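Per chain, numbering begins at 1; letters A, B, ... match sequence-line order. Keep in mind the model is a prediction, meaning the values are calculated, not measured.
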4 protein chains.
Amino acid sequence: MNRTTLDSKNKIYKAALNLFIKKGIKGTTTREIAKKAGIAEGTIYIHFSTKDAIAFTLFTNYMGVFRERLLESSKNCTNPTFKLRAIIHAFFDFAKDEPNACSYIVIDHYTELNKMTKEKNKFKDIFVEVIHDGIKKRVFRKIDENLGSALIIGMINRAILSFNNGLLDSDYDKLVSETVNAALRVLEKNY
Amino acid sequence: MNRTTLDSKNKIYKAALNLFIKKGIKGTTTREIAKKAGIAEGTIYIHFSTKDAIAFTLFTNYMGVFRERLLESSKNCTNPTFKLRAIIHAFFDFAKDEPNACSYIVIDHYTELNKMTKEKNKFKDIFVEVIHDGIKKRVFRKIDENLGSALIIGMINRAILSFNNGLLDSDYDKLVSETVNAALRVLEKNY
Amino acid sequence: MNRTTLDSKNKIYKAALNLFIKKGIKGTTTREIAKKAGIAEGTIYIHFSTKDAIAFTLFTNYMGVFRERLLESSKNCTNPTFKLRAIIHAFFDFAKDEPNACSYIVIDHYTELNKMTKEKNKFKDIFVEVIHDGIKKRVFRKIDENLGSALIIGMINRAILSFNNGLLDSDYDKLVSETVNAALRVLEKNY
Amino acid sequence: MNRTTLDSKNKIYKAALNLFIKKGIKGTTTREIAKKAGIAEGTIYIHFSTKDAIAFTLFTNYMGVFRERLLESSKNCTNPTFKLRAIIHAFFDFAKDEPNACSYIVIDHYTELNKMTKEKNKFKDIFVEVIHDGIKKRVFRKIDENLGSALIIGMINRAILSFNNGLLDSDYDKLVSETVNAALRVLEKNY
DNA sequence: AATGAATGAGGTTTCATTCAT
DNA sequence: GATGAATGAAACCTCATTCAT
């Protein structure tokens with residue numbers, strides 16, 4: 001792949017992501033994508049077989065990046081509390097660095113993306129494992145690990161969503177530490 | 001409105017809701033709605049001006065019902081802890097009684113519904129008020145009330161979502177009490 | 001199916017057939033069909049699922065009619081010579097009554113229609129059977145029946161094609177009798 | 001023209017001919033031609049101005065070759081019967097040596113090629129002349145020469161088509177001699 | 001009120017052709 | 001000459017909405 005190819009492809013990715021999170025996948029037209037990307041409509045089909053293929057590839061690629069960042073962030077922690085904190089920080093960092101991608105794969109597009117991906121919530125297992133480990137090490141209280149993950153992920157999601165919508169007064173760092181705090185309150189024994 | 005009218009209208013509501021939560025609003029065609037409702041496509045336009053009007057009315061109506069149920073459930077509680085517990089129970093009850101409506105207005109369709117309603121999260125204020133009251137009464141710790149609401153609502157949402165997707169082992173009552181427990185851990189002082 | 005439906009559908013059939021024989025199936029656009037039929041482009045898709053479905057249905061329907069006319073024409077003949085004559089007459093009659101249909105299913109569109117129909121040349125068997133019978137009855141000379149059919153059908157096809165293109169001076173009746181004569185020369189013993 | 005040019009051009013001819021007879025001219029894309037020829041799509045336009053120019057040139061070139069072979073085969077025959085036999089043999093030989101070209105110019109693509117060539121059936125005159133001569137020499141019976149040509153050409157076409165489609169049991173030599181026999185039965189006086 | 005065929009604007013996709021490299 | 005990404009006109013098809021019955 002040469003420079004030009006990458007350029008066009010990336011322009012499409014960027015434009016499509018932008019539009020998908022604002023108007024949904026179905027709600028975004030190829031004409032809009034092309035216009036926003038500054039290319040011809042036909043060019044889309046050099047790089048992708050269908051409009052949905054853009055949506056799918058965006059999802060898959062960013063989910064991969066997201067997972068890696070979560071895993072990377074916590075790989076050196078042995079203490080479950082630190083590990084959980086690291087993952088939550090990484091989650092918020094991703095939301096800050098790649099707000100569109102984060103909205104797209106995590107926050108908003110549940111229904112439309114459900115049709116595309118069989119392995120739903122492909123990052124949930126990372127939380128499950130941390131919680132599992134924390135329980136085994138008696139740092140976390142006994143709780144269904146899947147429920148624990150759901151509660152923590154739900155808090156993070158909604159916190160980011162509310163922040164992005166300007167509904168929160170806190171600054172971002174405060175938001176993160178408060179969410180970590182809340183997560184530990186939910187999970188830790190001595191609370 | 002006579003019997004027949006109501007019948008047709010209700011059939012449309014039911015069919016549309018069903019399809020909207022599965023395929024999204026944009027992803028659902030009027031033909032599909034008519035077919036599922038067992039009526040002709042043209043009949044839809046006797047009762048609604050546009051397809052989006054169905055989506056909007058569904059949202060508004062159910063949001064009204066939902067709000068009422070949350071408010072009704074807690075109107076006799078003075079203790080913030082009991083009040084919060086009551087609201088969460090009402091939330092889960094609504095999700096059980098009207099799973100489609102609940103998915104539609106609360107859980108899934110953030111992006112598509114955003115376009116329709118300016119007053120986002122029209123039930124969030126109920127949580128905000130309870131938390132505000134709890135803090136004033138020194139039952140809950142000091143926390144940005146909007147953040148607190150976001151965390152609690154996020155947990156509930158994701159818990160219901162996970163349950164509906166068959167990802168949790170717990171039975172429903174256990175799920176509810178665990179979620180209440182988690183919410184109180186997040187908010188109460190003595191945790 | 002009410003009047004209107006039939007009207008639209010028939011208009012589409014007629015327009016499409018007309019264009020298909022002139023420009024080919026691939027060479028005919030849905031826009032042209034709609035325009036010639038005097039309907040909206042979208043209307044086509046109420047009655048047919050795809051453009052190719054029109055082509056296929058046209059082929060199947062007319063091939064059915066054509067076969068029936070060949071069979072009907074010869075059902076009362078026992079003498080193979082008479083039978084063959086009757087079938088050839090029926091062939092030419094069809095070409096005269098329904099020149100477009102005849103062109104479409106028999107004469108021109110070999111390549112395009114091949115893709116649509118597995119049972120190629122669905123009328124060849126009628127010729128094969130007559131020849132088979134004629135050989136058994138010692139009226140026709142021994143010849144591979146499939147080759148015999150091919151030769152006769154080939155002559156008829158090309159005769160009609162040449163006539164339609166204005167390349168022949170003969171009037172139609174002369175053309176038919178000459179072709180019958182040629183067919184019998186090819187097949188009969190005493191020639 | 002150097003070696004390379006010829007190579008590319010010939011690759012295009014070969015690939016295009018192959019695809020045209022299978023899928024039609026309209027049904028074949030330049031991308032397919034390029035792929036089958038093992039060249040880039042743009043290269044086509046170095047050698048040909050349009051896709052249709054390939055189709056037209058293929059037709060014209062092969063028609064020239066075909067005519068020459070028919071003429072060459074019979075140039076030393078004075079006897080009309082021998083001459084006709086020679087031409088039919090040459091026809092079948094061409095169909096054997098260049099099956100794709102033969103399919104393309106003679107057998108299949110009547111409709112699509114009609115648009116390209118004004119002098120239709122550019123080889124028909126060869127048959128007309130032989131028949132004319134045969135009639136004059138009282139070897140052939142009186143028959144409209146154009147009709148006679150149509151009948152003979154129709155038989156040959158259909159015989160080859162049936163053979164190529166595997167519908168005939170005869171071997172090729174038998175097929176040829178049977179067709180010659182049939183042609184003479186149609187034309188010769190003493191039949 | 002109910003129907004469902006018809007509409008036509010607009011969506012997705014294809015493809016012959018161009019052009020910078 | 002050769003490449004293949006880019007173009008954009010035009011193809012096929014969809015679908016919310018209308019309207020005659």
Practice prompt. Figure out the CD/C1' separation between C/Glu32 and F/dA11, and round it to whole Å.
Written response: 11 Å
Discussion item. Please convert DNA chain F into dot-bracket. A pair counts if it is Watson-Crick or G-U wobble with both distances under 3.5 Å; crossing pairs go in [ ] and bases paired with another strand get |.
Written reply: .||||||||||||||||||||
Worksheet item: Taking atom P of E/dA1 as reference, at what distance in whole Å does atom CG of B/Asp7 sit?
Response: 14 Å
Discussion item. Going by the rule salt bridge (Lys or Arg N to Asp or Glu O under 4.0 Å), which residues pair with B/Asp97 if we only count those two or more places apart in sequence or in a different chain?
Written reply: B/Arg69
Practice prompt. Take the protein atom CD1 of C/Ile39 and the nucleotide atom P of F/dC13, then report the distance between them rounded to whole Å.
Written response: 14 Å
Discussion item. Which residues pass the salt bridge (Lys or Arg N to Asp or Glu O under 4.0 Å) test with C/Glu32, not counting sequence neighbours?
Written reply: C/Lys23
Item to complete: Show your reasoning for whether ring-ring contact (aromatic ring centres under 6.0 Å, His included) applies to C/Tyr104 and C/Tyr62.
Response: CA-CA 9 Å; C/Tyr104 184 61; C/Tyr62 276 119; 7.8 Å; no
Discussion item. Does B/Ile44 reach a base, just sugar-phosphate, or nothing at all? Heavy atoms under 4.0 Å.
Written reply: nothing
Item to complete: Take C/Ile46 and A/Ala40, find for each the nucleotide of DNA chain F with the closest heavy atom, and name the residue whose nucleotide sits nearer the 5' end.
Response: A/Ala40
Worksheet, complete the sentence: Counting primed atoms, P, OP1 and OP2 as sugar-phosphate and everything else as base, the B/S/- map of nucleotides 12-19 of chain E against protein heavy atoms under 4.0 Å is BBBSBBB-
Practice prompt. Give the rounded distance in Å between these two atoms: CZ of D/Phe48 and P of F/dA2.
Written response: 12 Å
Fill in: Pairing residues for D/Arg67 by the salt bridge (Lys or Arg N to Asp or Glu O under 4.0 Å) criterion, not counting sequence neighbours
D/Asp125
Response to the item:
Hits for ring pair (Phe, Tyr, Trp, His ring centres under 6.0 Å) against D/Tyr13, two or more places apart or cross-chain, chain-then-number order -> D/Phe48
Worksheet, complete the sentence: Atom NZ of B/Lys23 and atom C1' of F/dC15 are separated, to the nearest Å, by 13 Å
Discussion item. Checking B/Asn18 now: which residues fulfil side chain to side chain contact (heavy atoms under 4.5 Å, CB included) with it, not counting sequence neighbours?
Written reply: B/Lys22, B/Lys36, B/Asn100
Worksheet item: Counting distance only, does the side-chain N/O of D/Thr43 pair as donor-acceptor with the main-chain N or O of D/Ile39 below 3.5 Å?
Response: no
Discussion item. Please report the distance, rounded to the nearest Å, between NZ in B/Lys35 and C1' in E/dT3.
Written reply: 17 Å
Worksheet entry | Integer-rounded Å distance: E/dA2 C1' and B/Ile12 CD1 | 11 Å
Item to complete: Using whole Å, report how far CG of A/Asn10 lies from C1' of F/dA5.
Response: 15 Å
Practice prompt. Can you sort out the partners of C/Phe56 under side chain to side chain contact (heavy atoms under 4.5 Å, CB included), two or more places apart, ordered by chain and number?
Written response: C/Thr60, C/Met116
Practice prompt. For C/Ala16, check side chain to side chain contact (heavy atoms under 4.5 Å, CB included) against everything at least two apart and list the hits.
Written response: C/Phe20, C/Ile33, C/Ile54, C/Leu58
